[in-house]
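Notes to accompany the following structure.
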Amino acid sequence: MQNHWTKDIFAAIDAMDTDKFASFIAEDGQLTFGNNPTVHGRENIHAVIDGFFKAIAGISHDVQNVFDVDGHVIMRGTSSYTRHDGSQLTTPFCNVFKMEGNKIKTYDIYIDLSQLFQPVEA
């Protein structure tokens, strides 16, 4: 079940479909994205992710490992981001979901996006 579910959430993210993405989050879920402050509640998470999607031109993920351990789903892989100028950044990530039933209660994204919004050297 988790393998199909993880494909579905990454399909929503890669399509930059904020509504579909938010449907995976518990109403009182929490999101910690990199070194940004934790966001509380599905509506607030929706707003933050929608803003992030608007700040980039595209995103794709290559999920290499998925582990389901004691109510946590852990995923590791690479994320490729396309900036609005057409340049790209690919970086490793690790996501840790604490599940509550079939919804994400806490979503922790371990990634270094420090270069994503920096000027690209020619």
Side-chain angles (χ1 to χ4, degrees):
M1 175 181 148
Q2 292 295 349
N3 191 30
H4 177 70
W5 177 87
T6 57
K7 288 180 182 178
D8 290 346
I9 193 169
F10 277 105
I13 294 167
D14 290 351
M16 300 195 319
D17 184 337
T18 309
D19 293 336
K20 182 70 173 171
F21 168 79
S23 74
F24 291 93
I25 308 295
E27 187 69 32
D28 61 346
Q30 298 180 30
L31 170 70
T32 305
F33 192 161
N35 63 349
N36 295 298
T38 299
V39 180
H40 301 271
R42 182 187 304 147
E43 288 184 29
N44 294 329
I45 292 169
H46 183 285
V48 165
I49 293 301
D50 194 54
F52 179 73
F53 287 163
K54 289 176 180 168
I56 59 175
I59 185 172
S60 66
H61 289 84
D62 177 18
V63 178
Q64 297 155 358
N65 301 105
V66 178
F67 307 96
D68 190 346
V69 181
D70 297 328
H72 291 80
V73 178
I74 304 161
M75 289 173 270
R76 186 184 74 76
T78 57
S79 296
S80 295
Y81 299 89
T82 303
R83 298 176 184 97
H84 286 292
D85 68 2
S87 63
Q88 292 192 324
L89 172 71
T90 299
T91 189
F93 75 88
C94 181
N95 288 350
V96 180
F97 299 157
K98 180 178 180 189
M99 302 302 297
E100 185 174 76
N102 64 350
K103 298 288 184 183
I104 299 168
K105 178 71 173 181
T106 62
Y107 188 158
D108 298 317
I109 304 171
Y110 297 93
I111 192 165
D112 179 3
L113 291 182
S114 60
Q115 298 301 307
L116 184 58
F117 299 108
Q118 298 299 317
V120 178
E121 294 182 23

Approximate separation, where rounding is to 0.5 Å, of [X] [atom1] and [Y] [atom2]:
X	Y	atom1	atom2	result
Gln88	Tyr81	CD	OH	12.0 Å
Lys98	Asp70	NZ	CG	11.5 Å
Thr18	Phe52	OG1	CZ	11.0 Å
Tyr107	Ile45	OH	CD1	10.0 Å
Ile111	Phe33	CD1	CZ	6.0 Å
Met99	Lys105	CE	NZ	12.0 Å

Side-chain donor/acceptor of [X] to backbone N/O of [Y], under 3.5 Å:
X	Y	answer
Lys20	Ile13	no
Asp50	His46	no
Arg83	Leu116	yes

For Trp5 and Ile104, run side chain to side chain contact (heavy atoms under 4.5 Å, CB included): C-alpha distance rounded to whole Å, both residues' side-chain angles, the deciding distance at 0.1 Å, then the answer.
-> CA-CA 11 Å; Trp5 177 87; Ile104 299 168; 3.7 Å; yes
Go through the structure and list residues passing side chain to side chain contact (heavy atoms under 4.5 Å, CB included) with Asn65, not counting sequence neighbours.
->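 Checked Asn65 against side chain to side chain contact (heavy atoms under 4.5 Å, CB included); matches are Phe67, Arg76.
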List for me each residue that meets side chain to side chain contact (heavy atoms under 4.5 Å, CB included) alongside Asn35, sequence neighbours excluded, and say none if there are none.
->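 Partners of Asn35 by the side chain to side chain contact (heavy atoms under 4.5 Å, CB included) criterion come out as none, since no residue qualifies.
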Do Gln30 and Asp108 pass the side chain to side chain contact (heavy atoms under 4.5 Å, CB included) test, and can you show the C-alpha distance, the side-chain angles, and the key distance before you say yes or no?
-> CA-CA 8 Å; Gln30 298 180 30; Asp108 298 317; over 6 Å; no
For Ser80, the option from Thr91, Thr90, Asp14 that meets side-chain hydrogen bond (donor to acceptor under 3.5 Å, both in side chains) =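 Running side-chain hydrogen bond (donor to acceptor under 3.5 Å, both in side chains) over Thr91, Thr90, Asp14 with Ser80 returns exactly one hit, Thr90.
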Please give me the minimum heavy-atom distance between [X] and [Y], naming the atom from each residue.
X	Y	result
Glu100	Asp28	OE1-OD1, 4.1 Å
Asp112	Ser114	OD1-OG, 2.7 Å
Ala57	Met16	O-CE, 3.6 Å
Phe21	Ala12	N-CB, 3.9 Å

Close side-chain approach of Val48 and Asn36, heavy atoms under 4.5 Å =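 They are not in side-chain contact.
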For Tyr110, the option from Thr32, Val96, Asn95 that meets side chain to side chain contact (heavy atoms under 4.5 Å, CB included) =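 Among Thr32, Val96, Asn95, the one that satisfies the side chain to side chain contact (heavy atoms under 4.5 Å, CB included) with Tyr110 is Val96.
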For side chain to side chain contact (heavy atoms under 4.5 Å, CB included), just list the numbers for Val63 and Phe93, CA-CA rounded to whole Å, side-chain angles, deciding distance to a tenth of an Å, and then say yes or no.
-> CA-CA 9 Å; Val63 178; Phe93 75 88; 4.2 Å; yes
Verify same cluster id: Phe97, Ile74 (apolar side-chain graph, 4.5 Å) |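 No; Ile74 is not reachable from Phe97 via cluster members.
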